[in-house]
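Chain A is the first sequence line, chain B the second, and so forth, proteins listed ahead of strands; every chain is numbered from 1.
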Amino acid sequence: MVPFHIDFVHVGFHYGELNIEDIMAFITEQKRTHYCTDLNISNKGEEVVLMGWIETRRDLGSMIFVDLRDRTGIAQVVFDPKLEGLADSKDLRNEFVVALSGIVNPRPEGMTNKSMKTGEIEIIVNKFEILSKAQTPPFKISDEKVGENLRLKYRYLDLRSKRLQDNLKLRHKVTSSVRNYLDAQGFLDVETPILYKSTPEGARDYLVPSRISEGEFYALPQSPQTLKQLLMIAGYDKYYQIARCFRDEDLRADRQPEFSQIDIEMSFVDQSDIQKMTEGLVKTLWKEFRGIEDVPIASMTYHEAMERFGCDKPDLRVDIELVDLANVVKGSGFKVFDDALAADGAVKAIAVSGCGEYSRGKLDKLTTLAKHHGAKGLVWIKSNKDSGELTSSVSKFFNAEKLEEIFNTVGAKKGDGVFIVADEYAKTCATLSALRLHLAKELNLLNASEDRFLWVTDFPLLDYDEDEDRWIAMHHPFTAPSDGDMDKMLSGSFNDIRKLKAKAYDLVCNGHEIAGGSVRIHRDEVQQAMFNLLGMSAEEIKSRFGFFIEALQYGTPPHGGIAWGLDRLIMILASTDAIRDVIAFPKTTKATDLMASAPSPVDTKQLDELHITLKS
RNA sequence: GGGGUGGUAGUUAAGUUGGUUAUAACGCUGGCCUGUCACGCCGGAGGCCGCGGGUUCGAGUCCCGUCCACCCCGCCA
């Protein structure tokens with residue numbers, strides 16, 4: 001007798017009603033022969049054993065149809081409750097778990113269901129057992145309209161849905177394919193620690209207090225960056241890992257606090273070798289999962305991307321580009337434009353078809369959007385779609401000819417709207433880039449049926465951090481400067497620190513950065529110079545990265561690598577726009593787990609062991 | 001840290017200028033039904049209108065605060 005005792009009563013039924021001996025007898029004697037969707041007309045007449053969940057039941061009195069669901073999908077099973085041993089079929093409810101045996105039967109003439117994979121057959125049940133009852137679920141598994149907070153709380157129910165099962169199956173297949181690709185090229189899968197060292201450069205770390213070393217902390221890795229470089233120093237040459245990474249920053253639709261990277265590093269290579277290897281992987285994946293032979297991958301420099309799209313990860317599915325108006329509006333006497341140009345800023349514009357008829361209200365909304373991105377305002381010119389007559393928010397300042405000239409310079413046509421931003425270069429770019437994407441979505445100008453890849457290369461080496469009043473690494477502090485800039489960096493003999501370029505590259509797909517990498521610094525004096533540029537004292541360098549600088553001195557091969565955002569990759573392949581849809585147990589935008597209620601308070605005893613006292 | 005959208009039955013939503021007992025569909029539940037597949041038919045139960053204040057004779061509705069979810073900015077090398 002197997003112990004079977006649950007001492008609480010659920011609404012509507014009691015678990016004790018189930019006979020555990022019958023249950024165990026059934027699953028001991030009757031092994032599952034098929035998954036639901038394995039079955040088709042060729043199995044006609046076979047006796048099969050299925051196990052799964054009740055998706056729906058249709059009780060017609062002396063005949064009960066049940067859609068049985070398992071990992072593969074759904075098959076219709078038919079009960080006659082008058083038959084011996086089948087009376088309990090009257091009690092079946094949604095999400096009950098059952099085991100059954102029956103005969104595969106072609107459905108009667110005219111009764112097939114073409115929308116179902118198994119719609120030509122049904123299983124006539126001759127024996128079954130309820131293995132587990134279920135409370136009425138808080139939502140129907142197949143209901144796609146249910147709010148996400150409820151689905152996150154009952155994630156294990158939502159995971160039963162076809163949508164999430166398909167996504168997780170896809171994820172499995174993609175990672176398998178990635179592993180096969182890299183394995184075939186001689187890459188070695190090496191695991192690196194999750195408990196590691198805090199390197200407060202870049203994202204905020206998740207910290208783990210040490211019990212044994214009082215007052216000291218581990219950090220969860222933001223990426224295995226230094227570790228994989230150490231593996232190169234150790235001679236492992238070609239490394240990869242599907243690595244879990246952690247960043248304690250605010251979340252977005254495509255950002256989770258813990259996520260997976262396809263982390264890759266290679267020795268004795270230059271940038272083009274890494275790009276070639278990456279392109280091979282893209283093409284392999286897109287062939288396998290999209291059926292596209294030799295998917296094209298464009299390339300442009302960071303500078304070009306900013307000039308043309310105002311963004312370092314442009315979505316090329318949107319056919320709108322930024323146009324520089326400096327030459328056209330220079331000395332126009334319009335203060336907003338003149339001031340921006342005088343302050344070394346920019347005046348740029350986009351032309352958008354279909355905006356010529358935008359109402360004042362809509363234009364005001366766009367102005368608000370522009371202000372949210374830091375611009376002081378938004379200048380618009382719109383063109384009547386019939387007459388082509390121009391109206392503008394700045395018609396007081398420009399005569400008709402000048403407006404016409406601006407309109408034409410931007411490449412606008414009859415019925416288009418032109419939007420102009422004059423501000424600091426970065427703000428101008430950011431605003432128009434956001435506007436470009438917003439309008440493309442609003443006006444359905446985005447060709448969602450194709451994926452557009454783009455390499456963005458030649459990133460600046462450094463970026464200025466206004467808050468901290470210092471230079472920070474644009475990619476990360478291990479990124480090598482471009483060949484021409486190496487000596488300048490070492491000698492400090494550069495005129496403009498902004499102009500130093502990095503051997504860094506991002507792979508962009510549909511406006512998502514799906515992979516990013518760089519050739520690394522492999523000489524310790526260069527690495528030292530880099531840390532110096534970042535304003536780190538000798539002491540800081542030693543305590544944070546001393547081990548790494550030292551390691552560089554023991555024979556470091558030239559090396560570089562790339563890391564893919566695995567979740568974003570799957571997201572694109574699954575055609576969803578939320579990263580939560582491709583992660584089994586995701587967190588909310590406040591980084592909590594609604595199902596398990598994590599994070600949560602802990603016992604004082606636990607805190608004591610960790611030598612931690614909470615403020616207040 | 002800032003901005004936006006939403007929160008009404010188990011679910012999804014409606015709820016008018018503040019005014020009787022807060023609606024509907026689905027789900028749940030009892031009954032009937034041999035070809036359903038969004039089964040159908042007849043009946044029933046089900047509400048702290050997110051939470052806390054306030055205004056008012058009267059608040060789901062107006063005001064203030066707060067919590068939660070989602071989207072965006074900052075942030076995310």
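Between A:Phe531 and A:Phe545, the ring-plane angle classifies as parallel under the 30° and 60° cut-offs.
Nucleic acid contact class of A:Leu60 (heavy atoms, under 4.0 Å, all strands): base. At the heavy-atom level, A:Gly147 lies under 4.0 Å from the strands shown only through sugar-phosphate atoms. Within the 4.0 angstrom heavy-atom criterion, only backbone atoms of the sugar-phosphate kind lie near A:Thr592; the bases stay farther away. Residue-level contact check: A:Thr588 touches the backbone only, with heavy atoms under 4.0 Å from sugar-phosphate atoms and none from bases. Residue A:Glu55 is classed as having no contact, given no heavy-atom separation below 4.0 Å to the nucleic acid. At the heavy-atom level, A:Glu148 lies under 4.0 Å from the strands shown only through sugar-phosphate atoms. Among the heavy atoms of the strands lying under 4.0 Å from A:Gly202 are primed sugar atoms or P, OP1, OP2 only; no base atom is included. Using a 4.0 Å heavy-atom cutoff across all strands shown, A:Arg580 reaches sugar-phosphate atoms only and no base atom. Within the 4.0 angstrom heavy-atom criterion, only backbone atoms of the sugar-phosphate kind lie near A:Lys145; the bases stay farther away.
In this structure B:U11 sits in a base pair with B:A25, meeting the Watson-Crick or G-U test at under 3.5 Å. Nucleotide B:U17: unpaired (no Watson-Crick or G-U wobble partner with both distances less than 3.5 Å). Across all strands shown, B:U61 has no partner, as no Watson-Crick or G-U wobble contact with both distances under 3.5 Å is found. The partner of B:C41, taking Watson-Crick or G-U wobble pairs whose two distances both stay under 3.5 Å, is B:G31. Pairing of B:A69, defined by two Watson-Crick or G-U wobble distances under 3.5 Å, is identified with B:U5.
Separating the C1' atom of B:A24 from that of B:C49 is a span of 16 Å, rounded to the nearest Å. Of the P atoms belonging to B:G19 and B:G31, the separation is 42 Å, rounded to the nearest Å. Rounded to whole Å, the separation between the C1' atoms of B:C73 and B:G10 comes to 37 Å. For the C1' atom pair drawn from B:G46 and B:G30, the interatomic distance equals 15 Å after rounding to whole Å. Comparing the P positions of B:G6 and B:U12 gives an interatomic distance of 16 Å, to the nearest angstrom. When the C1' atom is compared between B:C28 and B:G47, the two are found 15 Å apart, to the nearest whole Å.
Within the structure, a side-chain polar atom (N or O) of A:Arg93 is placed less than 4.0 Å from OP1 or OP2 of B:U29. For the OP1/OP2 pair of B:G10 and a distance below 4.0 Å, the side-chain nitrogens and oxygens of A:Thr136 include no atom meeting the criterion. Regarding contacts with the backbone of B:A69, every side-chain N or O of A:Thr589 stays at 4.0 angstrom or more from both OP1 and OP2. Look at A:Arg252 and you'll find a side-chain N or O under 4.0 angstrom from OP1 or OP2 of B:C73. For B:C68, one of the phosphate oxygens OP1 or OP2 lies less than 4.0 angstrom from a side-chain nitrogen or oxygen of A:Lys590. Residue A:Arg255 has no polar side-chain atom (N or O) positioned under 4.0 Å from OP1 or OP2 of B:C70. Note on A:Asn149: every side-chain N or O is 4.0 Å or more away from OP1 and OP2 of B:G50. For the OP1/OP2 pair of B:U36 and a distance below 4.0 Å, the side-chain nitrogens and oxygens of A:Arg58 include no atom meeting the criterion.
Shortest non-hydrogen contact noted between A:Asp158 and A:Arg163 is OD2-NH2, 3.3 Å.
Between A:Phe246 and A:Tyr196, the distance from one ring center to the other does not fall under 6.0 angstrom.
In this structure a side-chain-to-backbone donor-acceptor pair under 3.5 Å is present from A:Arg470 to A:Leu534. Looking only at distances, no side-chain donor or acceptor of A:Glu120 sits under 3.5 Å from a matching main-chain atom of A:Thr112.
With centroids closer than 5.5 Å and planes inclined by less than 30 degrees as the test, A:Phe65 and the base of B:U36 pass as a stacked pair.
Between A:Arg247 and A:Glu258, no side-chain nitrogen of the basic residue sits less than 4.0 Å from a carboxylate oxygen of the acidic one, so the salt-bridge criterion is not met. Look at A:Arg255 and A:Asp567 and you find no salt bridge, because none of the NZ, NE, NH1 or NH2 atoms lies under 4.0 Å from a carboxylate O.
Not a single donor-acceptor pair, N or O on each side, falls under 3.5 Å between the base of B:G35 and the side chain of A:Glu109. For A:Asp250 against B:G74, a side-chain N or O and a base N or O form a donor-acceptor pair under 3.5 Å.
Relative to the side chain of A:Leu150, the nucleotides B:G35, B:U11, B:A69 differ in distance, and B:U11 lies closest.
Residue A:Ala253 is the one, among A:Gln225 and A:Ala253, whose nearest nucleotide of RNA chain B lies closer to the 5' end (criterion: closest heavy atom).
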